Amino acid sequence: MPTQATQVHAMRHPDPDTPDLTASATSASGAPLAGVRVLDLTRLLPGPMCTLHLADLGADVIKIEDTGAGDYASAPVRDMVNRNKRGMRLDLKHPEGVAALLALCESADVLVEGFRPGVMERLGVGWNAVHARNPRLVFASISGYGQNGPLRDEPGHDMNYSALVGVADQMGSPSGELALSNVPVADLLGGTMTAVMGILAALFDATRTGRGRHVDVAIADGLLAHAVLPMAAVHREGRPRAASTDRLTGLLPCYAFYETADGRFLAVGALERKFWDAFCQCLGREDLQDQHVPASPKDSLRLRAEVAAILRARPLTHWQALFEHAQCCVTPVLRLDEALEHPHFVARGMSVEVHTADGEVMRQLACPVRMSNFEFRVVRPAPRPGEHTDEVLQEAGWNKQRVADLRALGVLG
């Protein structure tokens with residue numbers, strides 16, 4: 001593994017009688033969410049990423065999976081998005097499983113679920129049932145289209161939400177071909193980060209009022225709400241411009257990707273005139289400075305072709321060295337593995353090495369939040385399915401015999 005990553009030896013507590021060290025570890029490092037307990041019924045990406053952020057900030061997140069397929073995310077994704085959580089398995093289709101979850105809700109601060117609208121109610125653990133047991137609990141529902149509206153029951157994936165809200169239309173090439181991103185913006189921006197925002201706001205309010213809220217997060221809504229730049233075009237012109245034809249998507253040669261001699265790319269973001277002037281000076285082409293914003297589309301194409309020819313003449317390493325301290329908003333287009341080795345992200349501690357439950361040393365992305373009196377730590381790797389079932393239930397006051405009886409009934413895993 002790369003030696004520049006920060007190595008973290010995560011603590012494990014397979015024995016139910018072993019005291020939980022999460023609270024003390026996070027409190028000692030000033031974790032802002034220490035003492036907050038979160039019940040996480042989500043799987044795959046948007047929900048688990050949401051609760052990962054809460055766990056990394058110190059919350060005691062309990063990942064609750066069913067006793068069947070559970071969370072069927074791929075093993076590497078599962079290991080990355082479920083660190084710092086405890087895990088249990090519970091059959092919510094069994095009355096005793098429902099009773100167990102409601103009992104856990106009594107001492108929890110947040111419940112996050114990612115089922116289709118109506119599923120939690122049919123199981124007997126919807127907002128009304130949980131709110132009756134614990135009025136201060138924040139109940140967050142993450143779904144594709146929200147808890148109401150004509151599409152509430154429709155299935156979907158990241159590309160569907162992005163397509164429907166007009167964002168996919170804005171991601172493409174000059175040829176008109178749309179593009180898919182391996183960083184799913186709808187799931188992560190629309191789902192994960194919108195849920196984190198809603199949960200923290202409701203949690204803050206609950207500390208003042210003693211009353212929790214039902215937070216309804218629609219992934220499509222969350223992405224749509226951030227489409228501010230194409231929305232500005234709608235305001236000006238009645239519709240957004242086509243992909244690759246607006247100021248930030250290809251209209252301006254001063255804000256574009258350019259290929260280098262070795263087939264790599266540079267990101268030229270010299271949007272402001274001072275940066276463009278510095279860029280032209282680095283190239284030894286001060287004669288291009290007055291063409292910062294070309295007068296016509298024809299002029300723009302000509303200037304782009306001229307800049308492209310200059311940059312295509314040398315490999316990426318040449319341009320990296322030239323622009324390294326030029327402060328003209330020009331950066332190399334790096335692969336993720338290269339980005340993790342960049343001195344800046346090494347200095348920022350943006351990757352950690354975690355010992356997974358299977359004994360593998362895995363490089364993971366670190367928590368991006370920095371604040372005073374808090375140091376991010378990985379105190380436990382992602383749990384095996386059901387690893388902490390006994391521990392969690394015994395903390396809730398259930399004796400070993402009752403836990404054994406429920407396991408015999410197939411309610412626990």
Side-chain angles (χ1 to χ4, degrees), residues 1-15 18 20-22 25-26 29 31 33 38 40 42-65 69-89 112 114 158 181-184 187-188 191-193 196 334-370 374-389 391-392 413:
M1 297 300 294
T3 58
Q4 292 174 318
T6 303
Q7 188 164 358
V8 178
H9 292 277
M11 296 178 288
R12 303 203 58 76
H13 308 293
D15 183 353
T18 301
D20 175 35
L21 300 182
T22 304
T26 53
S29 60
L33 294 182
V38 179
D40 177 10
T42 67
R43 58 192 178 192
L44 297 177
L45 191 61
M49 275 295 295
C50 164
T51 55
L52 170 68
H53 290 316
L54 302 179
D56 281 351
L57 292 172
D60 176 19
V61 176
I62 302 170
K63 181 177 179 60
I64 302 175
E65 301 178 65
D71 187 345
Y72 45 88
S74 68
V77 171
R78 182 186 176 94
D79 281 334
M80 284 189 286
V81 303
N82 291 303
R83 68 173 180 231
N84 283 338
K85 304 177 186 180
R86 294 192 284 170
M88 66 179 296
R89 300 177 72 187
V112 189
D158 177 271
S181 170
N182 204 28
V183 179
D187 282 350
L188 298 175
T192 292
M193 298 312 298
V196 171
L334 299 181
R335 300 186 309 269
L336 178 58
D337 59 304
E338 295 173 322
L340 294 176
E341 297 296 337
H342 191 285
H344 179 78
F345 299 116
V346 171
R348 296 285 292 175
M350 276 307 299
S351 71
V352 294
E353 287 182 354
V354 177
H355 290 259
T356 71
D358 296 326
E360 178 186 3
V361 178
M362 182 183 190
R363 197 175 198 185
Q364 298 184 4
L365 301 172
C367 176
V369 177
R370 303 287 190 275
F374 167 63
E375 181 182 354
F376 160 69
R377 297 177 60 189
V378 178
V379 296
R380 61 170 81 246
R384 297 184 183 93
E387 180 177 345
H388 303 96
T389 299
E391 176 181 296
V392 170

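Computed from a predicted model, the values in this text were never measured in an experiment.
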Exam field: side chain N84 to backbone L54, donor-acceptor pair closer than 3.5 Å: no

R78: salt bridge (charged side-chain N to carboxylate O under 4.0 Å, His left out) partners, not counting sequence neighbours: E65

Nearest heavy-atom neighbours spanning L334 and H342: CD1-CD2, 4.1 Å

Closest non-hydrogen atom pair, S351 against L340: CB-CD2, 4.1 Å

Exam field: side chain D71 to backbone A73, donor-acceptor pair closer than 3.5 Å: yes

Side-chain touch P48/K85, heavy atoms, less than 4.5 angstrom: yes

Residue among I64, V61, I62 satisfying side chain to side chain contact (heavy atoms under 4.5 Å, CB included) with R86: I62

Spatial distance of atom CZ (R380) from atom NE2 (H355) [nearest 0.5 Å]: 16.0 Å

Partners passing salt bridge (charged side-chain N to carboxylate O under 4.0 Å, His left out) against D56 (at least two apart in sequence or in another chain): R83

Side chain to side chain, F345 and L365, heavy atoms closer than 4.5 Å: no

side-chain hydrogen bond (donor to acceptor under 3.5 Å, both in side chains) partners of T42, counting only residues at least two apart: D40

For G349 against A366, the heavy-atom pair lying closest together: O-CB, 3.2 Å

All side-chain hydrogen bond (donor to acceptor under 3.5 Å, both in side chains) counterparts of D337, not counting sequence neighbours: R335

Side chain H388, main chain G87, donor-acceptor under 3.5 Å: yes

Minimum heavy-atom distance A382-A357, with the two atoms named: O-CB, 3.8 Å

Qualifying residues under side chain to side chain contact (heavy atoms under 4.5 Å, CB included), relative to M49, sequence neighbours excluded: L45, L52, H53, V81, L188, T192

Listed partners of D79 passing salt bridge (charged side-chain N to carboxylate O under 4.0 Å, His left out), at least two apart: none

Nearest non-hydrogen partners of F374 and L57, listed with the distance: CE2-CD2, 3.8 Å

Donor-acceptor under 3.5 Å (E387 side chain, R384 main chain): yes

